[in-house]
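A short write-up of the structure that comes next.
Just so you know, residue 1 is the first one in the sequence shown, and it goes up from there.
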Amino acid sequence: MSRLMLFVFAAAMSCTSSGSAPVEDAKPVEQPLRCNASVPEVCDLEGMKFENAVGRPASKNAAARHYAAACEAGYAPGCTHLAAMYFEKKVFDQAHALYRRACDGADAEGCANLGFMESQAGNGEAARALYKSACDGGSMAACANLADVYQAGRGVTADQDAARALFEQSCAGGHASSCIRWAWSLGRGCKGATCAVPADDEKAAAAATAAACTKKRDPVVCTGHGVHLESGRLVPKDEAGARAAYIAACEAGSPWGCERLGTALARGLGGERDAAGAVSALEIACGADFASACSGLGAMLLGGDGVPRDDDRGAQLVKRACELHEARACNTARLLGL
């Protein structure tokens with residue numbers, strides 16, 4: 001089906017400086033905003049509902065209009081959401097301007113994404129400062145990017161202890177790739193600048209993680225090895241082996257290991273599905289403030305997925321995950337009106 005490029009709406013034009021629309025709908029129908037611009041948080045939420053097809057057909061065009069209204073009214077997350085749509089369409093000047101506006105409005109995700117764009121442009125010092133600001137503001141992606149900076153020593157003195165602490169912080173906050181980088185950092189056991197090169201070699205890092213798990217039995221390293229076994233991307237796939245690694249890591253006290261075990265048991269990875277066991281493992285991890293465990297358990301209870309449905313408890317858990325800075329949980333909470 002052919003798709004028609006739309007002209008940008010007036011609200012979007014007032015929030016940006018170009019006439020290029022970030023999105024396009026096959027059959028555009030411009031309708032009144034479903035919000036009062038004097039309450040920009042509602043405009044942003046309506047945009048999210050249109051973008052994610054919550055209670056209505058998906059419409060990126062309508063989503064952009066609502067995000068633009070929120071941004072123009074001074075609601076920084078609306079600027080971030082609109083910027084992401086421009087970025088996806090590779091309209092980078094518009095995305096950069098909107099992320100800057102969001103960051104100036106103290107939106108951590110806006111600062112994190114602006115930092116990424118500055119990094120891609122070769123502005124390392126600006127990127128580091130933006131990552132630091134965003135990490136301090138609760139963006140786990142920014143903490144991960146800042147950890148990369150310290151691990152590789154890009155523009156700063158390499159500091160592996162700082163990198164590991166940031167990867168651990170980001171992992172606990174629900175940033176999955178940081179969990180792997182944390183396991184790699186521990187598994188390699190390298191010091192200073194010597195960590196920089198292996199960090200970019202995924203297969204070598206996976207092999208080092210496997211060897212370190214066998215030798216040291218560190219629960220974080222072994223959880224990382226389990227993730228590799230589960231995916232089969234860097235080592236031969238072995239779902240039963242992954243499940244066994246998660247069991248051992250959880251029993252050894254790793255919240256990440258318990259989170260992975262709970263997810264594995266809920267899916268029936270490497271063995272029988274065990275919803276009750278999944279709940280128990282996720283409860284342990286959530287109790288240790290592992291954000292994605294709280295959101296995963298909340299989703300099971302909200303959906304009655306193999307366990308008695310409990311909307312109140314499920315909502316509390318999703319909110320808790322949001323408080324622990326898991327961005328997806330925050331979006332889910334807002335979309336569900338929690």
Does the pair Lys60 and Glu88 meet the rule for a salt bridge (charged side-chain N to carboxylate O under 4.0 Å, His left out), with working shown? CA-CA 12 Å; Lys60 289 187 176 182; Glu88 182 181 1; 3.4 Å; yes
Would Cys71 and Leu98 count as a side-chain contact (heavy atoms from CB on, under 4.5 Å) if you check the C-alpha gap in whole Å, the side-chain angles of each, and the deciding distance to 0.1 Å? CA-CA 9 Å; Cys71 178; Leu98 284 161; 3.9 Å; yes
Do Asp148 and Arg154 pass the salt bridge (charged side-chain N to carboxylate O under 4.0 Å, His left out) test, and can you show the C-alpha distance, the side-chain angles, and the key distance before you say yes or no? CA-CA 8 Å; Asp148 277 329; Arg154 290 194 298 271; 5.0 Å; no
side-chain contact (heavy atoms from CB on, under 4.5 Å) for Phe92 and Tyr86? Distances and angles first, verdict last. CA-CA 7 Å; Phe92 297 126; Tyr86 275 107; over 6 Å; no
Verdict with supporting geometry, Asp201 and Lys203, salt bridge (charged side-chain N to carboxylate O under 4.0 Å, His left out): CA-CA 6 Å; Asp201 186 340; Lys203 288 189 176 181; over 6 Å; no
Determine whether Thr214 and His225 satisfy the following criterion, side-chain contact (heavy atoms from CB on, under 4.5 Å), listing intermediate values before the conclusion. CA-CA 10 Å; Thr214 300; His225 181 47; 5.9 Å; no
Given Glu230 and Arg260, is the salt bridge (charged side-chain N to carboxylate O under 4.0 Å, His left out) satisfied, shown in steps? CA-CA 10 Å; Glu230 180 180 344; Arg260 294 310 308 156; 3.2 Å; yes
What verdict does the side-chain contact (heavy atoms from CB on, under 4.5 Å) test give for Ser119 and Arg128, after you've listed the backbone C-alpha separation in whole Å, the side-chain angles of each residue and the deciding distance to 0.1 Å? CA-CA 8 Å; Ser119 177; Arg128 188 192 65 79; over 6 Å; no
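Side-chain contact check for Arg181 and Gln151: at least one donor-acceptor pair (N or O, by modelled atom type) lies under 3.5 Å. Judged by distance alone, the side chains of Asn61 and Ser59 never bring a donor and an acceptor atom under 3.5 Å apart.
Nearest heavy-atom pair across Glu326 and Ser295 is OE1-OG, 2.8 Å. Annotation for Tyr150 and Thr157: closest pair CD2-O, 4.2 Å, computed over non-hydrogen atoms. Across every non-hydrogen atom of Ser254 and Val220, the tightest pair is OG-CG2, 4.3 Å. Nearest heavy atom pair, residue Leu166 against residue Ala147, reads CB-CB, 3.6 Å. Heavy atoms only, all atoms of each residue included: Pro40 and Tyr75 are closest at CB-CB, 3.5 Å. Contact record, Leu114 with Cys103: CD2-CB, 4.2 Å, taken as the closest heavy-atom pair.
Between Cys35 and His66 the shortest side-chain heavy-atom distance falls below 4.5 Å. Residues Ser185 and Phe167 form a side-chain contact, since some pair of their non-hydrogen atoms from C-beta on lies under 4.5 Å apart. By the 4.5 Å heavy-atom criterion applied to side chains, Trp182 and Ser177 are not counted as neighbours. Val42 has its side chain out of reach of Arg34: every pair of non-hydrogen atoms, C-beta onward, lies at least 4.5 Å apart. Side-chain contact check for Leu301 versus Arg309: every heavy-atom pair is 4.5 Å or farther apart. Residues Val227 and Trp256 have side chains in contact (heavy-atom distance under 4.5 Å, counting atoms from C-beta outward). The side-chain heavy atoms of Val54 and Met48, taken from C-beta on, include no pair separated by under 4.5 Å. Side-chain atoms of Asp218 and Cys213, non-hydrogen and from C-beta on, never get closer than 4.5 Å to each other.
For the atom pair Cys111 SG and Tyr99 OH, the distance stands at 12.0 Å (nearest 0.5 Å). Atoms OG1 and CG, on Thr209 and Leu186 in that order, are 9.0 Å from each other to the nearest 0.5 Å. One finds the CZ atom of Phe87 at 14.0 Å from the CG atom of Leu82 (value rounded to the nearest 0.5 Å). With rounding to the nearest 0.5 Å, the separation of SG in Cys222 from CD1 in Ile247 is 13.0 Å. Separating the CD atom in Gln316 from the SG atom in Cys294 is a distance of 11.5 Å, to the nearest 0.5 Å. With values rounded to the nearest 0.5 angstrom, Leu261 atom CG is found 8.5 Å from Glu251 atom CD.
Using a 4.0 Å cut-off between a side-chain N of Lys or Arg and a carboxylate O of Asp or Glu, Lys237 and Glu239 qualify as a salt bridge. A salt bridge is absent between Asp44 and Lys49; no separation between the charged side-chain nitrogens and carboxylate oxygens falls under 4.0 Å. With salt bridges taken as basic N to acidic carboxylate O contacts below 4.0 Å, none links Glu272 and Arg243. A salt bridge between Glu283 and Arg313 is present, with a side-chain N of the basic residue lying under 4.0 Å from a carboxylate O of the acidic one. Under the 4.0 Å criterion applied to side-chain N and carboxylate O atoms, Arg334 and Glu41 are not assigned as salt-bridge partners. A salt bridge links Arg233 with Glu202: at least one charged nitrogen is closer than 4.0 Å to a carboxylate oxygen. Ionic pairing of Asp104 and Arg101 is not present here: no N-O contact between side-chain nitrogen and carboxylate oxygen is shorter than 4.0 angstrom.
Cluster membership check: Ile284 does not share its hydrophobic cluster with Leu282, using side-chain heavy-atom separations under 4.5 Å among Ile, Leu, Val, Met, Phe, Trp and Tyr. Placement of Tyr246 and Met300 in two distinct hydrophobic clusters is found when ILVMFWY residues are connected by side-chain heavy-atom separations under 4.5 Å, directly or transitively. Taking hydrophobic clusters as Ile, Leu, Val, Met, Phe, Trp and Tyr residues chained together by side-chain heavy-atom distances below 4.5 Å, Val318 shares a cluster with Leu336. The hydrophobic cluster containing Val307 does not contain Leu265, counting ILVMFWY residues as joined when their side-chain heavy atoms lie under 4.5 angstrom apart, directly or transitively. Neither Met140 nor Leu324 shares a network with the other; the hydrophobic side chains, linked directly or stepwise wherever heavy atoms of I, L, V, M, F, W or Y lie under 4.5 Å apart, form separate groups for each.
Within a 6.0 Å radius of CZ in Arg273, other residues, nucleotides and ligands contribute more than 12 heavy atoms. Applying the 6.0 Å contact sphere to CG of Asn36 captures more than 12 heavy atoms from other residues, nucleotides or ligands.
Taking the six-membered ring for Trp and thresholds of 30 and 60 degrees, Tyr67 and His81 have ring planes inclined between 30 and 60 degrees apart.
Under a 3.5 Å cut-off, the side chain of Thr263 and the backbone N or O of Glu259 do form a donor-acceptor pair.
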